[in-house]
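Encoded as structure tokens, the structure appears first; notes follow it.
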2 protein chains.
Amino acid sequence: MSGKRATLADVARLSGMSITAASMILNGRPDTRLSQDAHDRVNAAAQALGYRPNVAARGLRTDKTLTIGFISDLVATTRFASGLIKGALEAAEAAGHVVLLLETGGDPQREAEAIAAVLDRQVDGIIFATMRARELFVPELPSATAVVMLNASNRLHAMSVLPDEEAGGRRAVQLLIERGHRDGIALIGQNDEVERDKFRSVTVARRVAGIRSEMAKNDLTFMSEESIWLWEPEGGYKATRALFRRNQAPSALLCLNDRIAFGAYQALAEEGLRVPTDVSVASFDNDELAAYLRPGLTTVALPHEAMGRRAVELLLSQEAQREVLIEMPVVERESISVPSSR
Amino acid sequence: MSGKRATLADVARLSGMSITAASMILNGRPDTRLSQDAHDRVNAAAQALGYRPNVAARGLRTDKTLTIGFISDLVATTRFASGLIKGALEAAEAAGHVVLLLETGGDPQREAEAIAAVLDRQVDGIIFATMRARELFVPELPSATAVVMLNASNRLHAMSVLPDEEAGGRRAVQLLIERGHRDGIALIGQNDEVERDKFRSVTVARRVAGIRSEMAKNDLTFMSEESIWLWEPEGGYKATRALFRRNQAPSALLCLNDRIAFGAYQALAEEGLRVPTDVSVASFDNDELAAYLRPGLTTVALPHEAMGRRAVELLLSQEAQREVLIEMPVVERESISVPSSR
DNA sequence: CTGTTAGCGCTTTCAT
DNA sequence: ATGAAAGCGCTAACAG
């Protein structure tokens with residue numbers, strides 16, 4: 001509709017003030033005291049013209065663009081990223097900022113280009129997010145640029161925001177113990193590789209560590225540990241079948257994520273066992289899946305949105321933190337009950 | 001690392017050329033003929049300084065920011081949006097653009113603010129995306145701003161990119177017919193409201209229309225139509241149970257989306273029926289879910305990534321289109337077979 | 001109390 | 001063949 005955008009000059013002209021005066025008044029600069037009349041005229045003119053400052057032009061002077069770069073390895077692609085982004089978007093909006101979203105697929109080449117692209121646009125700060133928490137390499141950056149790692153960490157650079165997996169792991173075990181499960185708990189999804197490789201997967205290793213520490217604290221050991229290479233439903237299905245083929249009768253399955261649990265549900269159904277009457281299931285992540293399952297899956301949630309939110313707050317506030325851990329809330333549904341005495 | 005960013009002036013100084021010359025050379029302006037030597041010196045200097053143009057400053061002069069605004073009602077939030085965004089990101093990157101992602105939650109107030117925010121940053125164009133395809137209201141925009149609607153349409157404004165639901169609906173029916181299903185097909189998820197309300201749901205209405213037209217073309221009618229208010233697993237489960245409680249024995253279920261199919265699978269399992277041996281299932285969307293199900297669900301996919309890609313291509317190319325329809329590919333898995341002769 | 005002036009980094013006439 | 005100068009829209013010293 002409106003042909004051209006009104007500029008500060010237009011406002012000044014219409015109000016009969018200088019450009020400077022208009023600028024000061026519209027920015028509500030505190031010290032300067034221009035007449036009340038001047039204020040009114042300028043504000044009225046701005047209003048009438050529908051004036052909005054040109055952020056790019058302003059940024060040229062002030063070095064603030066009210067824009068933050070969100071660079072992720074696999075963004076949009078996964079349900080994983082969604083919450084992270086949503087949280088970041090919310091916090092950014094609340095702070096009057098806007099976010100530039102870039103995806104790199106984890107490719108160093110594209111990563112470098114993404115960084116260049118956001119830097120070219122003078123972003124106020126950059127968030128690096130990864131889908132599988134990991135140690136992320138960050139190339140040289142202009143020293144001034146604020147950086148926070150989201151679901152990732154970095155030795156040198158920056159602050160990072162991570163889920164509190166250690167506590168989450170402990171919480172999951174407690175969930176089962178509280179209901180009376182003790183010796184009949186099977187762990188589904190154990191994976192030596194992951195447990196050792198703190199580099200590749202900062203958080204998942206902690207999840208398992210939390211689980212083991214809580215078991216130990218209660219003098220418990222797993223009746224069985226089924227290992228799974230890929231944490232997908234298929235693996236959960238097979239691992240659970242294997243468990244029963246060995247004629248073991250667990251009272252509860254502690255699945256390392258919801259997709260595994262999904263597969264476990266299927267195996268249980270084929271086994272003629274009901275959740276939670278015959279066997280309880282606890283899990284992690286709170287995937288969309290968890291709500292769809294029947295009965296609903298009780299799971300320790302990955303707090304994606306909270307993480308995204310916290311990341312931009314951190315970036316904008318410039319508090320100095322190293323690693324901020326976000327609590328993993330438990331989402332109670334119907335998959336856990338008192339062990340049956342089969 | 002690097003303290004300050006190199007500017008064009010720095011390049012000029014180091015190369016011993018004027019700023020003008022440097023600008024022209026680096027932009028590869030065609031007509032001007034500066035000496036080969038000048039070219040070499042400028043390029044070398046730029047290289048040495050790691051010079052990158054400041055996009056904001058350039059935009060101030062050229063009115064091109066190589067940035068596009070992606071405004072969505074429910075972005076990040078849904079698996080739905082992910083593909084749209086991913087596709088858009090890819091195409092933008094390929095074209096040397098970058099995307100500003102904003103979410104409005106469908107709230108007109110926030111919608112207006114989002115538009116203002118991207119306009120303030122001089123974006124080259126705006127994509128409006130919705131999760132449930134619908135008619136979207138777009139407030140007045142500067143006439144110059146390019147606009148495309150993604151998974152939405154708008155009477156006045158813009159070009160829109162939509163899935164070809166009509167063809168998709170027909171395709172799904174063909175899938176069943178090809179395998180020999182005829183009189184035993186039940187439709188799960190019928191919803192008068194949606195079928196009538198072309199305004200609220202441009203595409204889903206077309207999906208159903210396509211289905212009905214293909215059935216009619218083959219002189220077929222559904223053995224039953226189960227209506228569902230909310231297209232979630234719960235509804236699919238109940239509708240399917242209801243079907244069997246009436247003692248009907250369909251040879252195939254045509255589910256209006258994958259979440260419904262998910263519920264249907266559960267009901268089928270409880271009924272002691274196997275997919276696809278006892279009853280076949282066909283569906284729509286190609287949700288993440290569809291791959292997890294056992295057996296894998298054959299479904300007519302919503303081509304989210306292709307849509308996102310096409311939207312930015314359209315935006316950037318400024319071809320004049322009204323409505324571009326993206327083909328819905330069928331994803332064959334294992335849920336359809338020849339009808340059993342129970 | 002208010003306006004002039006000088007840039008931010010870049011592109012683009014227009015002279016030379 | 002090359003450069004000076006103006007100006008995109010804005011803010012910030014510095015004078016009046």
Side-chain angles (χ1 to χ4, degrees), chain A residues 4-43 45-46 49-67 116 119-124 142 144, chain B residues 4-43 45-46 49-67 116 119-124 142 144:
Chain A
K4 278 238 160 316
R5 250 177 108 89
T7 82
L8 233 207
D10 295 329
V11 174
R13 197 173 314 120
L14 181 59
S15 64
M17 293 277 101
S18 75
I19 293 186
T20 309
S23 168
M24 288 173 144
I25 290 175
L26 291 174
N27 288 322
R29 278 289 238 44
D31 50 334
T32 179
R33 0 196 215 309
L34 294 161
S35 66
Q36 183 56 48
D37 180 58
H39 274 82
D40 295 343
R41 295 214 316 276
V42 167
N43 285 136
L49 295 170
Y51 171 76
R52 302 211 104 229
N54 177 325
V55 177
R58 171 187 290 172
L60 211 48
R61 288 265 21 187
T62 59
D63 267 329
K64 299 244 137 283
T65 53
L66 302 182
T67 302
L119 253 24
D120 290 351
R121 285 159 181 89
Q122 317 290 116
V123 294
D124 294 345
Chain B
K4 278 241 159 314
R5 247 177 111 88
T7 80
L8 233 207
D10 296 328
V11 174
R13 198 172 313 119
L14 180 60
S15 65
M17 293 277 102
S18 73
I19 293 186
T20 308
S23 168
M24 288 174 146
I25 290 174
L26 292 174
N27 288 320
R29 278 290 238 41
D31 50 335
T32 179
R33 7 196 210 309
L34 294 158
S35 67
Q36 182 56 47
D37 179 59
H39 276 82
D40 294 344
R41 296 214 315 276
V42 167
N43 286 136
L49 295 170
Y51 170 76
R52 302 210 104 229
N54 177 325
V55 177
R58 173 185 286 172
L60 212 48
R61 288 265 17 189
T62 60
D63 268 329
K64 299 243 137 284
T65 52
L66 302 182
T67 302
L119 254 23
D120 290 351
R121 285 159 181 90
Q122 317 291 117
V123 295
D124 294 346

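Numbers restart at 1 for each chain; the letters A, B, ... are given by sequence-line order, proteins then strands.
- Going from atom CG of D63(B) over to atom C1' of dT12(C) covers 14 Å, rounded to whole Å.
- The side chain to side chain donor-acceptor pair (under 3.5 Å) check on D120(A) picks up R5(B), R52(B), with sequence neighbours excluded.
- Sorted by first then second residue, the salt bridge (Lys or Arg N to Asp or Glu O under 4.0 Å) pairs that include residues 34-43 of chain A, not counting sequence neighbours, are D37(A)-R41(A).
- Judged as a side chain to side chain donor-acceptor pair (under 3.5 Å), and not counting sequence neighbours, T20(B) has no contacts.
- Scored by the salt bridge (charged side-chain N to carboxylate O under 4.0 Å, His left out) test, R61(B) finds no partners at all (sequence neighbours excluded).
- Over its length, the helix from dC1(C)-dG16(D) to dT16(C)-dA1(D) turns its helix axis by 50°, as judged from the five terminal pairs at each end, rounded to 10°.
- Scanning for side-chain contact (heavy atoms from CB on, under 4.5 Å) contacts around A38(B) gives M17(B), I25(B), L34(B), S35(B), with sequence neighbours left out.
- Here the closest heavy-atom approach between residue L49(B) and residue L14(B) is recorded as CG-CD2, 3.9 Å.
- Sequence neighbours left out, the pairs with a member in residues 7-18 of chain A that pass side chain to side chain donor-acceptor pair (under 3.5 Å) are D10(A)-R13(A).
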Legend entry - Heavy-atom protein contacts under 4.0 Å, nucleotides 5-11 of chain C, coded B base, S sugar-phosphate only, - none: BBBBBBB
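- Straight-line distance from the CZ atom of R121(B) to the P atom of dC10(D): 14 Å, rounded to whole Å.
- In this structure, the side-chain contact (heavy atoms from CB on, under 4.5 Å) partners of N54(B), at least two apart in sequence or on a different chain, are L60(A), Q122(A), A56(B), A57(B).
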